[in-house]
Peer 1: 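Below you will find the structure I want to go over with you.
Residue numbers start from 1 in every chain, and the chains themselves are labelled A, B, ... in the order their sequence lines are given, proteins ahead of strands.
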Amino acid sequence: MISIKNLHANIEGKEILKGINLEVKSGEVHAIMGPNGSGKSTLASVLAGRDGYEITEGSVVFEDKNLLDLEAEERAREGIFLAFQYPVEIPGVSTTNFLKTAMNQIRQYRGEKSLDAVAFLKLMKAKMKLVEIDQALLSRSLNEGFSGGEKKRNEIFQMAMLEPKLAILDETDSGLDIDALRIVAHGVNSLKSKDNASILITHYQRLLDYIVPDFVHVLFDGKIVKTGDKSLAMELEKKGYDWIKAEHGSLETI
Amino acid sequence: MSTDDQVLEEFTSKEYEHGWSVDFEADEAPMGLNEDIVKFISHKKNEPEWLLAWRLKSFRYWAQLEEPKWGNVHYPKIDYQALKYYSAPKKGGKVKSLDELDPEMIKTFERLGISLNEQKRLSGIAVDAVIDSVSVATTFKETLGKLGIIFCSFSEAVLEHPELIKKYLGSVVPAADNYYAALNSAVFSDGSFCYIPRGVRCPMELSTYFRINAANTGQFERTLIVAEDDSYVSYLEGCTAPMRDENQLHAAVVEIYAAKNAEVKYSTVQNWYPGNKEGVGGIYNFVTKRGICAGDHAKISWTQVETGSAVTWKYPSCILKGDYSIGEFYSVAVTNNYQQADTGTKMIHLGKHTKSRIVSKGISAGKSQNSYRGHVNISKRATHSRNFSQCDSLLMGNQCGAHTFPYIDVENSSSQIEHEATTSKIGEDQIFYCKQRGLDEESSVALIVNGFAKEVMNNLPMEFAVEAQKLLALTLEGSVG
């Protein structure tokens, strides 16, 4: 589905990603773990097409398309979804209105007809159950005054509505209590199919108790330094990241 | 140049949609302004002597005044002698029915999306269409007449309802009120008059559509709305003008009189030509709008969406004279390129238990300057009164400016005032968030801006709200920063 080869990226002249290689196939769940500052969120941003990053080397192919040539909105329409670590507030725009606008632009891009109000509402009702989200919340201004848990659930709700091929969850577990974590994980698990894939970016192993990854990668100093299965996550949980640091040299003096 | 700057560049280069003009054969006054021109206008309209006298008095007063300088707007000195003060399409003017109207005229309004054909209109909106100095058509007059509602051009009202005009003209905005009001009182040419009798709820929206067509011509219209006891009316005003390199002057006066328990809702979507991206041309929009809640429990609500004009100077105000009367002002003012807007409101509380609410949303893009100027005055007698003001500014890019000038005077201790103000910038984060969900840049901006202005937009009548939303997006197309 997505093939990342030797990806290097700078922000304001500073190299953050130093040669990422990653291959994700349909039906797979990959977890990317790593200490703070290792480049996890940068990787998510670069894949989603946020401005301000300079790609100096490497390639990303998503479903036969050169992803790096596409605008952020084109990537979204091709089926890439990023669940934000810090979802943005948009005053005066309800989630419902926001999603309807987004969905119809995506459908238009794909040459599909817009959903009418009834079909949209029906779809919404079905997906609301999945993440136990209340309609009242969806009528409020997007993310404005939402609790941390509500924001994250709203992200997963949007993911459920947009049915992406590749979902990238950037620290979706951070700041969640156990109940919210369980709901979010349930949502992600229910959406899993043989035709889609997810990349979970997380600092802690906790989320992986609920969503079992096929692969666990350790990102350190802009590179993937270790890949394994779920047991690698357990090991990290037990030993922390210090032994990785010891193995690969501490972060260069910044 | 970063991507943001490029987008900003593209966005601000959006062309004005209504910039065309039509060659009507026109009946015009010679250029310049003097007593003879005032007489010329008055005679053209067969006005009674008292009105000519009123005009001349206004003119003489105006002639001694200086243009106000306190607004946060800058423009070259206007040469009032280089303008024409009257221009009427020859085939326009008085027609008994719409069938007699010049088909070109009907087409002109159709191009603007205004149908003058009553049968073709889907919604219940009665229209008074004004081109340059004259009203060319008023629809649904008969339907409204059955309820005793008078809705006609101002010129017609002068001739047919002189007693009402004599009673109310200048009663809310006196000729000597300010420089532009005095000018308007001297040379006003047409506009709309609307009278709602006691106890009548006007069943349809009344609207006036103003179009400046002729070159070198100022438009000075006058609107007067009188709502008797226990009546209700919702009134809409729309405006466009052709693209011309010179600046054109528009100095209107709107007066609203609301008697006991009457409610008047006045909505404006102002889309005068704003000038090009270099700031050449555009309308100078110097308007005096004021309403008086003369009776107890009266209510006047102003809603405005200001997207056009090179320079806007406008403060729709309420005099809350009746006890328990209510004044509201909801405004979205958008400026782009080199536009300048100095707009806001005055709420003058005279009656007891009076309430006012001000919600102002300023959106600045390009190199524009956008100012909110408001005055809340609660007099000694106006005990237990309340005001709530909220002024929010949204900035796009880093070359524009937003300013807030709130003046508050409270002369008693039982009244309450609240004032909230915020300034924010459309964030890259917000735009990226939208784009990540599949929205293109323009839709993202439109969504964010409309969200910002929602509280005001919600006050517009339905059909107008849709138009206004599109207009907001259009005005700002490409202004991300």
Peer 1: Under 4.5 Å heavy-atom distance to chain B, tell me which part of L99(A) shows up: side chain, backbone, both or neither.
Peer 2: neither
Peer 1: Could you look at Q158(A) and say if it's the side chain, the backbone, both or neither that has a heavy atom under 4.5 Å from chain B?
Peer 2: side chain
Peer 1: Checking heavy atoms, do the side chain of R75(A), its backbone, both or neither come under 4.5 Å from chain B?
Peer 2: neither
Peer 1: Let me know if K454(B) has heavy atoms under 4.5 Å from chain A in its side chain, its backbone, both or neither.
Peer 2: side chain
Peer 1: Between K361(B) and E306(B), is there a side-chain N and carboxylate O pair less than 4.0 Å apart?
Peer 2: no
Peer 1: Can you tell me which portion of F452(B) sits under 4.5 Å from chain A's heavy atoms? Options are side chain, backbone, both or neither.
Peer 2: backbone
Peer 1: Do the charged groups of E155(A) and R437(B) touch, with an N to O distance under 4.0 Å?
Peer 2: yes
Peer 1: Counting distance only, does the side-chain N/O of K152(A) pair as donor-acceptor with the main-chain N or O of S174(A) below 3.5 Å?
Peer 2: yes
Peer 1: What residue in N97(A), V93(A), L82(A) has the most heavy-atom pairs under 4.5 Å with chain B?
Peer 2: L82(A)
Peer 1: Going by atom types alone, do D429(B) and Y86(A) pair a side-chain donor with an acceptor below 3.5 Å?
Peer 2: no
Peer 1: Do the side chains of R153(A) and E132(A) get close enough for a salt bridge, i.e. N-O under 4.0 angstrom?
Peer 2: no
Peer 1: If the threshold is 4.0 Å, N to carboxylate O, is there a salt bridge linking E328(B) and K299(B)?
Peer 2: yes
Peer 1: Between P87(A) and chain B, which part of the residue has a heavy atom less than 4.5 Å away: side chain, backbone, both or neither?
Peer 2: both
